[in-house]
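Report on one structure; see the data block that follows.
Keep in mind the model is a prediction, meaning the values are calculated, not measured. The chains referred to below are lettered A, B, ... by the order of the sequence lines, with proteins before strands, and numbering in each begins at 1.
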Amino acid sequence: MAQVRVRFAPSPTGPLHIGGVRTALYNYLFAKKNKGVLILRIEDTDQTRFVEGAEEYIMDSLKWCGIVVDEGINEGGQYGPYRQSDRKGIYRKYADILIEKGDAYYAFDTSGQLEKLRADSEKEGKTFIYNASVRDNLCNSISLLESEWKAKLENEEPYVIRYKIPSDEDIHFDDLIREHIVVNTNTLDDKVLYKSDGMPTYHLANIVDDHLMEISHVIRGEEWLPSLPLHIMLYRSCGWNPPLFAHLPLLLKPDGKGKLSKRDGDKMGFPVFPLYWPFGETAKGYREEGYYPDAFINMLALLGWNPGTEQEVFSKEELINAFSIERVGKSGSRFDPEKAKWFNHFYLQKRTNNQLALEFRDFLRAKGYHVDIVNLEVLIGLVKERVSFVKDIWEQTDYFFKPPEKYDPEIIRKRWTENTPSLLSELKSVLEKIGNFSASVTEPAVKAWIEEKGYNTGEIMNAFRLVIVGASRGPHIFDIISWIGKEETIKRINKGLTEIGK
RNA sequence: GGUCCAUUCGUCUAGUGGUUAGGACGUCAGGUUUUCAUCCUGGUAACAGGGGUUCGAUUCCCCUAUGGACUACCA
């Protein structure tokens, strides 16, 4: 087989959402698996929808995800330029060739006229299709006399170039995921290939670029499946061999209503974008939520593809190795934010305490706490397994850095009796006598004291936790007091005694 | 409305002409932890419906239903 060359071809119309990221990811995995090349092509033929910053956003997102582009605007390559607006001069030639061959024609109908025709058809319960059935009654270079349409061109009347769909022909084509499909041309319409603004439409630009860039496999979203017969015909008209096609199932809205779209933003209770998007309607991203790119990619890869084994955790290299188009599913999937979270939890557990300490240190600095790395590593070790994100660590450890501001009333009710103050005072004197405050010293000492006096362990430990933590949560209490130190421990017992009182 | 695509636990999915229909997330229960969480163990839960074909269909075919995409001088 010739070299595998695939492309990811987004439109810079806003932030890339996770569906787009997944398409890019599958292209990337397929390319790497087959020792091929991934091309990033920016499809910006619609100048009215161009959004400032979107192109950068796309590139930043791919970079964050670890999706490495081989050819593109920044990467260069032998098949550039890689931005369609920079290729503007290329397309007209092909439209002209098609006209010359009789496979395309000039059309002068205005949008207003066509809109009205569509509306009228709809009223009658019919579908307006601009094709052989009505072509002759409309205003184009097929229905008009040659002298008429040539005069229009000379007068510089606005026109578009439409593809001339043949009448009543079954178009057969294959899709790597959906297998064989047949569509009759009578249901297709004469798509505009070249717009009156001098730009090609997606359909023309797409097949011209894919051909010129020697794309071997087109892997794209299922929303393109209906236009595949058109694309197949365009390749045929141009005398080119079409690439292989694979149409990916769509990512659905979590509430089950329709495909995921950019406009969903983060209204779903979780991000739909890889990165924060600061323009227009701002939206948060997976990166800012604290997801690790590897976890994010792993989760995304399994949404619509599976290896056929029970393995669910994959490094990027493992994904590349295991990936195949054949194992991409056929039906759309909505994704489960809980599972995404689980993936991140899993990946976080695999990180070392040192890595996490460094990540958490930045978080602490923002809050004005400065703690050395060694101490942070100890702290991380105490709470690591209960967090899914680095930012969760703070919620689990705030009381390590500052005494409780309030005490859980429910725990007071359950654990604070009239004996408690005197017991805690006694505990305090026991602790005051201890020089080394590590858990291996304090724990046996306290337990020995409890045993000697015949006290109730639960009664003491729960009250002790209450004054140290403020609630009934957290790791082993002796690990906590070891970390905060003797002085702070004593202070908190005193604070608890005065504030809870009785 | 038309065209095309799809349909296995709540979700992501595996799977086969004969299986106790498997796994993961979630959820529930028990255990561990004198706290909470984690963790461990166990449980719950699915082949959309109806016809065929067949000795036998979740698996193959057809119909229906449901969902989705497309139906622009947007991609």
Side-chain angles (χ1 to χ4, degrees), chain A residues 9-13 43-46 48-49 84 107 109-111 114-115 118 121-122 124-130 158-162 175 177-178 181-184 186-189 191-203 205-206 220-229 247 249-250 252-254 256-259 299 302-313 327 329-343 345-346 349 383-387 392 396 408 411 414-415 456-462 464-466 469 471-477:
Chain A
S11 288
T13 55
E43 306 217 326
D44 58 346
T45 52
D46 184 1
T48 63
R49 295 210 309 160
Q84 287 184 331
D109 321 272
T110 66
S111 308
L114 294 175
E115 246 166 63
R118 272 188 261 273
S121 289
E122 198 174 330
E124 295 171 38
K126 285 190 262 180
T127 312
F128 174 79
I129 306 178
Y130 200 129
Y159 66 91
V160 299
I161 297 172
R162 285 180 183 273
D175 182 272
I177 294 170
R178 274 146 235 287
I181 300 169
V182 184
V183 176
N184 187 279
N186 286 350
T187 65
L188 269 24
D189 64 351
K191 281 279 178 241
V192 171
L193 299 180
Y194 207 82
K195 299 183 272 188
S196 57
D197 67 358
M199 285 293 259
T201 60
Y202 171 86
H203 301 101
N206 191 260
R220 79 233 290 195
E222 192 189 346
E223 70 268 28
W224 293 110
L225 199 54
S227 46
L228 184 53
H247 287 85
L250 265 16
L252 274 16
K253 287 181 200 289
K257 287 283 164 213
K259 71 166 178 172
M299 178 269 296
L302 271 296
L303 222 49
W305 170 85
N306 78 83
T309 66
E310 288 184 353
Q311 184 178 356
E312 287 208 278
V313 176
R327 293 209 62 88
K330 287 175 164 57
S331 51
S333 35
R334 37 189 90 96
F335 77 112
D336 184 358
E338 287 302 324
K339 188 126 188 190
K341 217 170 133 181
W342 174 82
F343 268 111
H345 180 261
F346 193 94
Q349 300 313 313
V383 298
K384 179 181 180 178
E385 60 199 17
R386 45 182 82 208
V387 302
D392 291 348
Q396 296 293 335
D408 188 331
I411 304 302
K414 271 168 66 180
R415 304 293 189 186
N456 178 312
T457 310
E459 192 182 359
I460 291 170
M461 299 312 288
N462 285 304
F464 189 25
R465 178 175 293 277
L466 180 63
V469 175
S472 173
R473 65 188 175 108
H476 200 51
I477 186 68

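For the side chain to side chain contact (heavy atoms under 4.5 Å, CB included) test, residues two or more places apart in sequence or in another chain that qualify with A/Arg178 are A/Asp175, A/Ile181, A/Glu222, A/Leu225, A/His247, A/Pro249, A/Lys330. With sequence neighbours excluded, the residues forming a salt bridge (charged side-chain N to carboxylate O under 4.0 Å, His left out) with A/Glu312 are A/Lys339, listed by chain and number.
Across all strands, A/Arg220 comes closer than 4.0 Å to no nucleic acid atom at all (heavy-atom distances). The residue A/Ser196 sits close to a base: some heavy atom pair falls under 4.0 Å. Nucleic acid contact for A/His203: none, since no nucleic acid atom lies under 4.0 Å from a heavy atom of the residue. Among the atoms of the strands shown, only primed sugar atoms or phosphate atoms (P, OP1, OP2) are found under 4.0 Å from some heavy atom of A/Gly125. The residue A/Ile181 sits close only to the backbone: its heavy atoms come under 4.0 Å of sugar-phosphate atoms, none of a base. Within the nucleic acid shown, A/Gly304 comes within 4.0 Å of sugar-phosphate atoms alone, with no base atom in reach, counting heavy atoms only. Within 4.0 Å of A/Val160, counting heavy atoms only, lies at least one base atom of the nucleic acid. Within 4.0 Å (heavy atoms only), A/Pro475 reaches at least one base atom of the nucleic acid. Among the heavy atoms of the strands lying under 4.0 Å from A/Thr127 is at least one base atom, whether or not backbone atoms are also near. A/Arg415 comes within contact range of no nucleotide atom at all, as no heavy-atom separation falls under 4.0 Å. Contacts of A/Thr309 with the nucleic acid, taken as non-hydrogen atoms under 4.0 Å apart, are absent. The residue A/Asp392 sits apart from the nucleic acid: no heavy atom pair falls under 4.0 Å. Contacts of A/Ser111 with the nucleic acid, taken as non-hydrogen atoms under 4.0 Å apart, include base atoms.
Straight-line distance from the CD atom of A/Glu223 to the P atom of B/C4: 19 Å, rounded to whole Å.
Across B/C74, B/C4, B/C73, the shortest atom-to-atom separation from the side chain of A/Leu114 is found for B/C73. If you check B/C25, B/A37, B/C70 against the side chain of A/Glu385, the one that comes closest is B/A37. Across B/C70, B/G10, B/C4, the shortest atom-to-atom separation from the side chain of A/Asp336 is found for B/G10. Of the listed nucleotides (B/C12, B/A75, B/A6), B/C12 has the atom at the smallest distance from the side chain of A/Lys339. Minimum atom distance to the side chain of A/Leu303 is reached by B/C12, of the listed B/G15, B/G68, B/C12. In this structure, the nucleotide among B/A72, B/C12, B/C36 sitting nearest to the side chain of A/Arg473 is B/C36. Listed nucleotides: B/A75, B/U71, B/U11. Nearest to the side chain of A/Lys191: B/U71. Here B/C4 is the nucleotide among B/C4, B/C70, B/C73 with the atom lying nearest to any side-chain atom of A/Val183. Checking B/A6, B/C70, B/C73 against every side-chain atom of A/Lys259, the shortest atom distance belongs to B/C70. Of the candidates B/A75, B/A24, B/A6, the closest approach to any side-chain atom of A/Trp342 belongs to B/A24.
Checking the phosphate oxygens (OP1, OP2) of B/U13, no side-chain nitrogen or oxygen of A/Asn306 falls inside 4.0 Å. The side chain of A/Arg334 places no N or O atom within less than 4.0 Å of a non-bridging phosphate oxygen (OP1 or OP2) of B/U13. Contact annotation: A/Arg178 does not reach the phosphate of B/C4 (side-chain N/O to OP1 or OP2, under 4.0 Å). In this structure, A/Arg118 does not reach the B/U71 phosphate: none of its side-chain N or O atoms is under 4.0 Å from OP1 or OP2. Distances shown here put every side-chain N or O of A/Thr201 at or beyond 4.0 Å from the OP1 or OP2 atom of B/A72. The side chain of A/Lys195 contributes an N or O atom lying less than 4.0 Å from OP1 or OP2 of B/A75.
One P atom belongs to B/G22, the other to B/A14, and the distance between them is 15 Å to the nearest Å. Taking atom C1' in both B/G31 and B/C47, the straight-line distance is 34 Å, to the nearest Å. Distance check on atom P: B/G68 versus B/U11 gives 14 Å, rounded to whole Å. Using C1' as the reference atom, B/G43 and B/U66 are 31 Å apart when rounded to the nearest Å. Separation of the C1' atoms belonging to B/U54 and B/G17 is 8 Å when rounded to the nearest angstrom. Rounded to whole Å, the P atom of B/C63 lies 15 Å from the corresponding atom of B/G2. Across the C1' atoms, B/C61 and B/A24 are found 34 Å apart, a figure rounded to whole Å. When the C1' atom is compared between B/U7 and B/U58, the two are found 12 Å apart, to the nearest whole Å.
Residue A/Glu122 qualifies as open at atom CD: its count of foreign heavy atoms under 6.0 Å is 12 or below. More than 12 heavy atoms of other residues, nucleotides or ligands shown are found within 6.0 angstrom of NZ on A/Lys195.
With hydrogens and angles ignored, a donor-acceptor pair closer than 3.5 Å exists between the side chain of A/Arg386 and the base of B/C36.
Using bins of under 30°, 30° to 60° and over 60° for the plane-to-plane angle, the ring pair A/His203/A/Trp224 lands in the perpendicular bin. Between A/Tyr130 and A/Phe128, the two ring planes are perpendicular [angle over 60°; tilted spans 30° to 60°].
As the counterpart of B/U3, B/A69 is assigned, both hydrogen-bonding distances of the Watson-Crick or G-U wobble pattern falling under 3.5 Å. Nucleotide B/C74 has no partner under the Watson-Crick or G-U criteria, as no pair reaches both atom distances under 3.5 Å. Nucleotide B/U58 has no partner under the Watson-Crick or G-U criteria, as no pair reaches both atom distances under 3.5 Å. Within the shown strands, nothing qualifies as a pairing partner of B/C47 under the Watson-Crick or G-U definition with both distances less than 3.5 Å. Across the strands present, B/G30 finds its partner in B/C40; the criterion is a Watson-Crick or G-U wobble pair with both atom distances under 3.5 angstrom. The nucleotide B/C25 finds its pairing partner in B/G10, both defining distances of the Watson-Crick or G-U wobble pair being shorter than 3.5 Å.
Where A/Gly458 and A/Trp305 meet RNA chain B, the nucleotide closest to each residue was compared, and A/Trp305 sits on the side nearer the 5' end. For A/Thr110 and A/Gly474, each mapped to the nucleotide of RNA chain B holding its nearest heavy atom, the one lying further toward the 5' end belongs to A/Gly474.
Proximity of a side-chain donor or acceptor of A/Asn462 to a complementary backbone N or O of A/Gly458 within less than 3.5 Å is detected.
Side-chain atoms of A/Leu188 and A/Val183, non-hydrogen and from C-beta on, do get closer than 4.5 Å to each other. Inter-residue side-chain proximity for A/Asp197 and A/Pro158 is flagged as unmet; no heavy-atom pair is nearer than 4.5 Å.
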